[in-house]
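Contents: one structure, followed by commentary.
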Amino acid sequence: MTLSELLEARAAEHGDRPFLFWQDESLSYRELATRATRIARGLAERGIGPGDRVGIMMPNSPRYVEWLFGIWRAGAVACPINPALTTDEAGYIIEHARPALVIDAATPPGEAGERALGAHPAPDALASLIYTSGTTGRPKGVMLTHANYLWDAETTVRTIGLTAADRFLCILPLFHVNAQVVTVVCPLLAGAQTVLLPRFAPDTFLADVARYRVTYFSAVPTVYAILLTRDRQSLDLSTLRFGICGAAPMPVEVFERFEARFGIRILEGYGLSEATCVSSVNPVDGARKVGSIGLPLPGQDMRIDAPPGQVGEILVRGPNVMRGYFEDEAATAAVLKDGWLHTGDLGAQDEDGYFTIVGRSKDMIIRGGENIYPKEIEEVLHRHPDVAEAAVIGMPDAVWGETVLAVVVPRAGVPEASIHAWCEQHLAPFKRPARIVFVAAADLPRTPTGKLQKHLLRLRL
């Protein structure tokens, strides 16, 4: 089966039952399938079909979901792009992916076309290019197939016990594969329903949970920390069964306080775009281990690339692992070895089989669940005419988990405001340094060969 075939099957089964709630509107299973087919025909009229890439660069809305399934029904490949990126950042992705069309918020609601559609694509055909930054700072296009999406979603549905009675609240952006799998495909498989919000709004989140009778939601640790600062008032949250947490480690204090205050279970899990979305999760029923990322999904292998009991790199193998990086054989070969995906994350496995993240082999910064790669920011800083050298590290933050700290060696007496203005011009808001420190070149710790020692820089700052 493919993603578009799944939608058609569920539309035939559930018909006018609402699938998606958006503000005061709803979209039924049948309406979604009808609109997706109309979009697919419009794409066919434009000559866009199997294998062609179509960019989607817009905020959350029902139209986003319609376009996803329309692209998939046409046999084309969806290429989601973060609408918060600057022109330079989005431009690189567009130049690399070479989409036949880019959809944004100004695009008319639906394509119009009468051309008959061909057969659905094969399950192993590409469904999406999910761009994620690498250690070099250049985004890479993760190639995910229809089979990747459906295997990961189906196994997740079984593992956490989703049913047609569930109603999911989505606050994550749909350009993330997490939102696509957990928000859209999982509820579709289960015959469940989804409540889509434009974004996370702390002051109205709990009211939305009560209003829509939500049973579960997925969020990053920052969201849970912020919700602890809000008054739950007399809202009826009795339908809420559990919350899912991923993208970054959850502080134990936040975990325990949230469960105690709201009376729900939090399921910590682990995943990455290169493995579609979910690789492990703590059980809904039975033993959970606070601070652990839980157990691997059934049918997927996870192991530590080190002797038993020792810390090592987490390796993943299974039907959810990507085909590779788009037009980047070297990067693909570096992470896909002997059938295993090398995640770059350091972890350990206990005697009960539970995995724990203990660090990152890369210098990646995780700010509120957003992955930030220092190299990309360093390259922007180095382009500033008055910056001789720059190093970027993450610094702890009570709300965001981590924020960006830039260490700059100036050429002259450049004002800090000039550096911030430069970053505002060339970087999305979540990537911009929250703090800039000026130092002399001699103050940067280095190896005898001149390589910067970031671990010593962190200790100093």
Side-chain angles (χ1 to χ4, degrees), residues 1 3-37 59-70 72-73 149-150 152-174 176-201 204-219 223 235-246 262 264-267 269 277-278 281 284:
M1 183 177 285
L3 292 160
S4 52
E5 287 176 305
L6 171 64
L7 174 58
E8 291 183 3
R10 290 296 180 267
E13 180 180 0
H14 296 292
D16 294 328
R17 181 171 186 251
F19 169 67
L20 186 68
F21 294 92
W22 167 261
Q23 299 172 350
D24 295 324
E25 304 173 6
S26 66
L27 184 68
S28 72
Y29 279 83
R30 180 179 289 115
E31 287 171 329
L32 176 56
T34 299
R35 296 182 187 185
T37 299
N60 282 8
S61 72
R63 288 183 56 214
Y64 203 121
V65 181
E66 295 167 13
W67 274 102
L68 273 178
F69 281 99
W72 289 333
R73 178 61 187 93
Y149 272 89
L150 287 170
D152 202 62
E154 184 177 1
T155 311
T156 300
V157 166
R158 291 201 310 268
T159 301
I160 62 179
L162 298 185
T163 71
D166 278 304
R167 185 173 287 182
F168 177 78
L169 181 63
C170 173
I171 57 172
L172 301 177
L174 285 168
H176 269 299
V177 72
N178 184 314
Q180 295 167 27
V181 171
V182 181
T183 300
V184 179
V185 185
C186 282
L188 196 61
L189 272 165
Q193 297 173 313
T194 287
V195 178
L196 183 62
L197 299 181
R199 66 190 65 82
F200 173 56
T204 58
F205 178 87
L206 295 175
D208 285 329
V209 169
R211 172 189 176 189
Y212 291 105
R213 311 295 290 166
V214 170
T215 62
Y216 76 109
F217 65 90
S218 178
V223 168
L235 295 170
D236 180 6
L237 306 179
S238 61
T239 58
L240 197 56
R241 295 202 293 132
F242 59 85
I244 300 172
C245 183
F262 292 98
I264 67 166
R265 295 169 68 89
I266 296 177
L267 307 182
C277 180
V278 185
V281 69
V284 174

Value for OG (S218) from NE2 (H176), rounded to nearest 0.5 Å, stands at 11.0 Å

T204 (side chain) donor-acceptor with A207 (main chain) under 3.5 angstrom = no

Smallest heavy-atom separation, L196 atom then C170 atom, equals CD1-SG, 3.7 Å

Please lay out, stage by stage, how L3 and L188 fare under the test side-chain contact (heavy atoms from CB on, under 4.5 Å). CA-CA 10 Å; L3 292 160; L188 196 61; over 6 Å; no

To the nearest 0.5 Å, atom OH of Y149 lies from atom CG of L189 at 13.5 Å

Residue pairs meeting salt bridge (charged side-chain N to carboxylate O under 4.0 Å, His left out), one or both in residues 162-171, sequence neighbours left out, come to D166-R241

Between L197 and N60 the two heavy atoms that sit nearest each other are O-ND2, 3.2 Å

Correct closest heavy-atom pair for Y64 and P59 would be CD1-O, 3.7 Å

Contact between V195 and R211 at the side-chain level, heavy atoms closer than 4.5 Å - yes or no?
no

Practice task
Please examine the side chains of C186 and E154, heavy atoms only from C-beta on, and report whether any two atoms are closer than 4.5 Å.
Solution key: no

Interatomic distance, CD@Q23 vs OG@S61, rounded to 0.5 Å, equals 9.5 Å

Distance-only, no hydrogens or angles: does the E31 side chain make a donor-acceptor pair with backbone N or O of S28 under 3.5 Å?
yes

Rounding to 0.5 Å, atoms CG (L7) and CG (L32) come to a distance of 4.5 Å

Notebook entry, point to check: Are any of the side-chain nitrogens in E8 or R73 under 4.0 Å away from the carboxylate oxygens of its partner?
Noted result: yes

Contacts of F217 meeting ring pair (Phe, Tyr, Trp, His ring centres under 6.0 Å) (sequence neighbours excluded), chain-then-number -> F205, Y224

With no hydrogens and no angle check, do the side chains of Q193 and Y212 hold a donor and an acceptor under 3.5 Å apart? no

With Y216 as partner, the option from T239, L169, I244 fulfilling side chain to side chain contact (heavy atoms under 4.5 Å, CB included) is I244

- Do T183 and F168 touch side chain to side chain, with heavy atoms closer than 4.5 Å? yes

Check for a donor-acceptor pair, side chain of R10 on one end and backbone N or O of A33 on the other, with a separation under 3.5 Å.
no

Those residues at least two apart in sequence (or on a different chain) that pass ring pair (Phe, Tyr, Trp, His ring centres under 6.0 Å) with Y29 are H14, F19

- prompt: Any donor and acceptor pair, going by atom type alone, linking the side chain of D152 with main-chain N or O of V278 inside 3.5 Å?
  reply: yes

On a heavy-atom basis, the closest approach of T163 and A192 is O-CB, 3.4 Å

message = Between L235 and V209, is there a side-chain heavy-atom distance shorter than 4.5 Å?
response = no

*Is there side-chain contact between T194 and F21, with at least one heavy-atom pair below 4.5 Å?*
no

OG (S238) and CD1 (I264) are apart, to the nearest 0.5 Å, by 12.0 Å

Requested in this report: Test side-chain contact (heavy atoms from CB on, under 4.5 Å) on L68 and Q180 and set out the steps.
Outcome: CA-CA 9 Å; L68 273 178; Q180 295 167 27; 4.2 Å; yes

Scanning both residues in full, the closest heavy-atom pair of R30 with D16 reads NH1-OD1, 2.6 Å

For a 4.5 angstrom cut-off between non-hydrogen side-chain atoms, does T215 reach L240?
no

- With a 4.5 Å limit on heavy-atom distance, are the side chains of F242 and I160 in contact? yes

**Q.** Aromatic contact, F69 with W72 (centres under 6.0 Å)
**A.** yes

task: Report yes if the side chains of T156 and V182 come closer than 4.5 Å at any heavy-atom pair, otherwise no.
output: no

Between V284 and R265, the two heavy atoms sitting closest are O-NE, 2.7 Å

| said: Closer than 4.0 angstrom, basic N to acidic O: yes or no for R63 and E66? | reply: no

